J.: 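Structure below; questions to follow.
Values in this document were obtained by computation on a predicted structure and should not be read as measured data. When a residue number appears, it is its place in the shown sequence, counting from 1.
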Amino acid sequence: MIESMNLVILIASVLVVVAVFTSLISFRVGAPLLLVFLFVGLGAGEDGIGGINFDNAPLAYFIGSIALAMILFDSGFETQLRTLKIAAAPSLVLATVGVMLTTGVVGGVTWLVLDVPWLVALLFGAIVSSTDAAAVFFLLRVGGINLRDRTRSTLEVESGSNDPMAVFLTISLVELIMQGGGDNLALELLERFVLQIGLGGILGLLGGMVIVQMINRVNLEPALVPIVTLACALSLFGATSIVGGSGFLAVYVAGLYAGNSQMRMSVGVRRFQHVTTWLAQIAMFVTMGLLATPSQFGEVVIPGVILALVLVFIARPVAVWLCLMFFNFSRNDTAFISWVGLRGAVSILLAIVPMVEGVEYGQLLFNTAFIVVITSLLLQGWTIRLMARWLGIMIPPRHGPVDRIDLELPGNANQEIVVYRVHDESAVATGHRIPRWARPSLILRDGKSLRPHSAGRIEGGDQVYIITPPRHVELLDQLFAGPAEGANDVDLFGDFSFPPDTRIADVGRLYGFAVKEEDEEATVAEILERNLSGDIEPGDRVAYGMVELIVRRIDDTHEIVEVGMAVEQKPVKPKRHLPMFHSRTELLAIWKEWQRRRLREKMRKQRGDDVLDSDEIKEPTSDISGIDAAANDGGDDDIEPMRAETGQHDKS
């Protein structure tokens, strides 16, 4: 028995080490890292070189559930309140209505492709209906893809919040299948939804409050605070699940509340959770790989690939478009959000549920879901950066690389110690003053400790210790960071720069271009804000006469702080104009234009009928006299009011 335990420990630790070191391959060749972890499990399984015979589905589900709960708690903890405010509405619609739409579309195709009962087909649709939070967070945060805040926030919040909905649908459909269906499926699902989602949300909020109050009030050893926090989160997950709520939603909401509250040792908790989340992802993907039997995939490869393609190119895009239509996302942003719908370990985890509960088609659904996940990670995970570039939605980074360490003060102090290593080309190193509220407390230079008043000018390579509120850290990053990629690119940011309150008339007189009369008192920032819709980012530009005004820098609230100007308008490669994913505004404009065309056509027909009737009433002696008589008898009088009426409609 002891030897067996030692062997399990050895195998598990070796698999973790192998998975970690194979991540080097992922970063080198650009492969999705989580796919590498999955292949490590497949390689160690019974059909791989490891030959490990692991077929314990309940244990795999147990490991995966704990890992997913840890991942979701960390996802909520890392989601800033500002991010939630930006994307709460579209993300929640995607996480609920979007998941149900995806379930329905994929379920219908599954019924045709796999030839299974319709309830089982819907079950498979629910299994693959949610995006993988771990995959999305990794590719967006670690992959270095810079997107507009609204698009990035929508993807992050959706990926963290749609798993509870998929879990709810999967478990509910499994129970209905085991019970032989129901008389009113929609009503039963609605009742379960209200119970699970309602309890999950309420208990998650209460649990988050309890965690914050306990950590702030109880004087624990600092090393124990992250452990207790995670243990409380897992306790909340178990307790909520026992009383019938969604434990996954509860831990996500609890993490969201705790991460945006003033909680003691929050910096240490974040560091600990980064470690445990990586470990959870490795354990989850490797376990799912071990459970799979690739030799059984032969009969489901073609159906699985077909369903994956339907999911990627039909179900997900249709669901995203219908959900985001009313939030006026651009076509390119909607297309990118639909493409970043990676399926991962969550889908494989949910595919275990039918096997554990003894559903007749359980093994078939698991194998098919595995093929769908691999196809999704290969197709979408490998092309996200290429897709972002092709759609033209990547934006310049706000600042370059920054070397920063966060240290938390003991107790409940609302301050942090931030340590910066000064970049040689940063604003501070090149002479920019540090604000009064961020005066350094200590400077390390060449291994020596110097007090700020005796250190002189800050130099590149110095280590600067600053005590500051956490909300100011992002502002300091811009001072100590290196130059952003393309920061001095004239083609990107223009030839000259101005403060945002500079009047456009003054700029026009200085550089010799005409200014509209109504813009005499307008500032360059007002001109940009008037022509750009809401979500302003660096690099956005507006043509004004013979010049272009360009957003150079913005602050954390997306207010413009520096404006550039290009004297010569250079031809810019236009963004892809997709013939799909129209927003509500575009659809309304199309409908109104169709109505105007229909009205004009109706008017033309009516005008022609009136002329014909007048010709028939008169009996001319000749063709020419008949035409003249018709004209003199009021034919033109009938036409002119019609033209006036048509003109009024056209103006409207």
Side-chain angles (χ1 to χ4, degrees), residues 56-69 72 95-108 110-111 114-130 161-204 236-252 288 291 307 343 345-370 372:
N56 193 332
L59 177 59
Y61 184 75
F62 175 74
I63 295 173
S65 297
I66 294 177
L68 180 58
L72 288 177
T96 52
V97 178
V99 169
M100 289 189 286
L101 289 172
T102 304
T103 298
V105 175
V106 176
T110 302
W111 180 72
L114 293 184
D115 192 23
V116 294
W118 67 273
L119 208 53
V120 175
L122 279 179
L123 172 60
F124 183 79
I127 288 171
V128 298
S129 62
S130 72
S161 58
N162 63 8
D163 289 340
M165 186 67 183
V167 173
F168 153 73
L169 288 175
T170 299
I171 294 177
S172 298
L173 288 170
V174 166
E175 292 178 359
L176 290 174
I177 291 172
M178 299 306 295
Q179 295 170 5
D183 296 333
N184 195 332
L185 178 61
L187 181 60
E188 292 188 29
L189 288 177
L190 179 61
E191 292 175 351
R192 293 172 184 268
F193 175 81
V194 173
L195 177 64
Q196 290 198 21
I197 303 301
L199 275 178
I202 294 172
L203 294 180
L236 175 64
F237 167 74
T240 305
S241 301
I242 289 174
V243 299
S246 172
F248 295 107
L249 178 61
V251 293
Y252 180 76
M288 299 303 125
L291 185 64
L307 290 171
R343 269 54 189 174
V346 176
S347 295
I348 302 176
L349 174 66
L350 295 180
I352 298 175
V353 177
M355 292 198 301
V356 173
E357 296 296 332
V359 176
E360 180 181 356
Y361 299 91
Q363 188 65 50
L364 174 65
L365 298 183
F366 178 82
N367 293 339
T368 308
F370 211 98
V372 169

J.: So, do P117 and I177 sit near enough that their side-chain heavy atoms are less than 4.5 Å apart?
T.: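 No, every pair of side-chain atoms sits at 4.5 Å or beyond.
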
J.: Quick one, D163 and F248 - any side-chain contact, counting heavy atoms below 4.5 Å?
T.: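 D163 vs F248: side chains apart.
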
J.: As an exercise, state the distance from OH of Y61 to CG of L68, rounded to the nearest 0.5 Å.
T.: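 Reported to 0.5 Å precision, the distance equals 9.0 Å.
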
J.: Side-chain contact test, heavy atoms from C-beta onward, threshold under 4.5 Å: evaluate it for L203 versus V243 and give yes or no.
T.: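 The answer is yes; the side chains approach within 4.5 Å.
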
J.: Which heavy atom of L199 sits nearest to which heavy atom of G244, and what is that distance?
T.: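 Nearest heavy atoms, L199 then G244: CD1-C, 4.1 Å.
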
J.: Report the distance from atom CG of L122 to atom OG of S172, rounding to the nearest 0.5 Å.
T.: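 Those atoms lie 12.5 Å apart.
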
J.: Kindly compute the distance separating CG (L249) from CG (N162), expressed to the nearest 0.5 Å.
T.: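 That separation rounds to 11.5 Å.
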
J.: Tell me the closest heavy-atom pair linking P164 and S246, and the distance in Å.
T.: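 Heavy-atom minimum between the residues: CB-OG, 3.6 Å.
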
J.: Is any side-chain heavy atom of S161 less than 4.5 Å from a side-chain heavy atom of Y252?
T.: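 Yes - at least one pair of side-chain heavy atoms lies under 4.5 Å apart.
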
J.: What are the two closest heavy atoms between A351 and L365, and how far apart are they?
T.: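 Minimum heavy-atom separation between A351 and L365: CB-O, 4.3 Å.
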
J.: A250 and L236: which non-hydrogen atoms are nearest, and at how many Å?
T.: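 Answer, listing the atom of A250 first, then L236: O-CD2, 3.7 Å.
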
J.: Counting C-beta onward and ignoring hydrogens, is there a side-chain heavy-atom pair between F124 and L307 closer than 4.5 Å?
T.: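 They are in side-chain contact.
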
J.: Grab the two heavy atoms, one from L173 and one from A126, that are nearest each other, plus how far apart they are.
T.: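 So the minimum-distance heavy-atom pair works out to CD1-CB, 4.0 Å.
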
J.: Step by step, work out the side chain to side chain contact (heavy atoms under 4.5 Å, CB included) result for L291 and I348.
T.: CA-CA 10 Å; L291 185 64; I348 302 176; over 6 Å; no

J.: Nearest 0.5 Å, what's the OG1-CD1 distance between T240 and I202?
T.: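 The OG1 atom of T240 sits 11.0 Å away from the CD1 atom of I202.
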
J.: Answer whether the closest heavy-atom distance between the side chains of P58 and F62 falls below 4.5 Å.
T.: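 Sidechains of F62 and P58: no contact.
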
J.: To the closest 0.5 Å, what do you measure between CE (M165) and CE (M100)?
T.: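 Rounded to the nearest 0.5 Å, the CE-CE separation comes out at 4.0 Å.
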
J.: Search all heavy atoms of M178 against all heavy atoms of E357 and return the closest pair with its distance.
T.: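 Distance-wise, the nearest heavy atoms are CE-O, 3.3 Å.
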
J.: Hey, what do you get for CG (L59) to CD1 (I352), rounding to the nearest 0.5 Å?
T.: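 Answer for the CG-CD1 pair, L59 versus I352, is 9.5 Å.
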
J.: Any sub-3.5 Å donor-acceptor pair from R343's side-chain atoms to S129's backbone N or O?
T.: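 Checking the backbone N and O of S129 against the side chain of R343, a donor-acceptor pair under 3.5 Å is found.
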
J.: Check whether any side-chain heavy atom of L123 sits under 4.5 Å from a side-chain heavy atom of P354, and report yes or no.
T.: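 Side-chain contact under 4.5 Å: yes.
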
